Amino acid sequence: MKTLVISDLHANQAALDAVLSHARRKGATRVICMGDFVGYGAQPNQVLDKVRRLRGRKWFIRGNHDRVASGADDGSGFNQAARHAAIWTREHLSKENLHFLRSLTLGPVTTDDGILLCHGSPFDEDEYVFSEYDAHNILRKFPQKLVLFGHTHLPSFFVQDARGGISGWLVRQASTFKLEKGKRYLINPGSVGQPRDRNPMAAYAIIDHERQAVHFLRVEYDIRSTQQSILRAGLPRVLADRLAAGA
Ligand code: ZN
């Protein structure tokens, strides 16, 4: 069995399409998404129509942008560009997609095979996990062998060995890591729709449960068309520009 792991889609249709067609060849039968389906980008309905129709077992949780775009929060904690995009999203969502966003579950959520899912951290949807110290605080509190998170838009791999020591890496290229017995892991697949690790390619991961491995993957997509859609919608230019820089 293989699981497609995605996060932080941010209403970027071309990036999502590129990831899904790349992943289709890898034979994943389940999908996990750690939230931020919308926000920043100008194609929220296209992205939500697509994810709602994905086949196979699905686990979706809410991200902070989904919360604001759905109207559950006024976005006062956001910077101006993020807030502008969230309010624009709320005004443009179809009825079905607004309902979908409103019914997303707040993490943490555990899958039927014991993987813990959260948007920011299991403590707080808005909390960023950057460091080994952050990873340590989570792994000492939560017993799962594998925790999947998003929110930083940085593909990241943290491992805790049997003695409790933690090492972490930023994974900027396609790479495979083994999931070993006796060790525990905290993994962020990176962002599909707005990568921030200075690699503009869309990021995602596949977990191969038989081989006990996680593949971090990167895919090129048509950045130009996404930028044009953002500008056409009248959203802040910075949201288009940053896609080309992957920052
Ligand atoms: Zn995000």
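For ligands, and for the atoms within them, numbers begin at 1 and follow the listed sequence. All figures in this text were calculated on a predicted structure; none of them were measured in a lab.
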Check H119, R67, H151 against E125 for a side-chain hydrogen bond (donor to acceptor under 3.5 Å, both in side chains) and give me the one that passes. R67
Decide whether T152 and N188 meet the rule of one side-chain donor and one side-chain acceptor closer than 3.5 Å.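 A pair is found: one side chain offers a donor N or O, the other an acceptor, under 3.5 Å apart.
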Using distance alone, with no hydrogens and no angle criterion, decide if H215 and D208 have a side-chain donor and acceptor under 3.5 Å apart.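 On atom types as modelled, these side chains do not qualify, holding no pair under 3.5 Å.
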Do V38 and V47 belong together in a cluster built from hydrophobic side chains that touch within less than 4.5 Å?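 Yes, because V38 and V47 connect within a single hydrophobic cluster, where side-chain heavy atoms sit under 4.5 Å apart.
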Hydrophobic cluster membership, L9 vs V219, 4.5 Å side-chain cutoff: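 Yes, it is one cluster - the side chains of L9 and V219 are joined through contacts under 4.5 Å.
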R196/D8 ion pair, N-O < 4.0 Å: no
Take the Zn ion (ligand 1) as the centre and count protein N, O or S atoms at distances under 2.8 Å.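 Considering protein N, O and S only, the Zn ion (ligand 1) has 4 within range.
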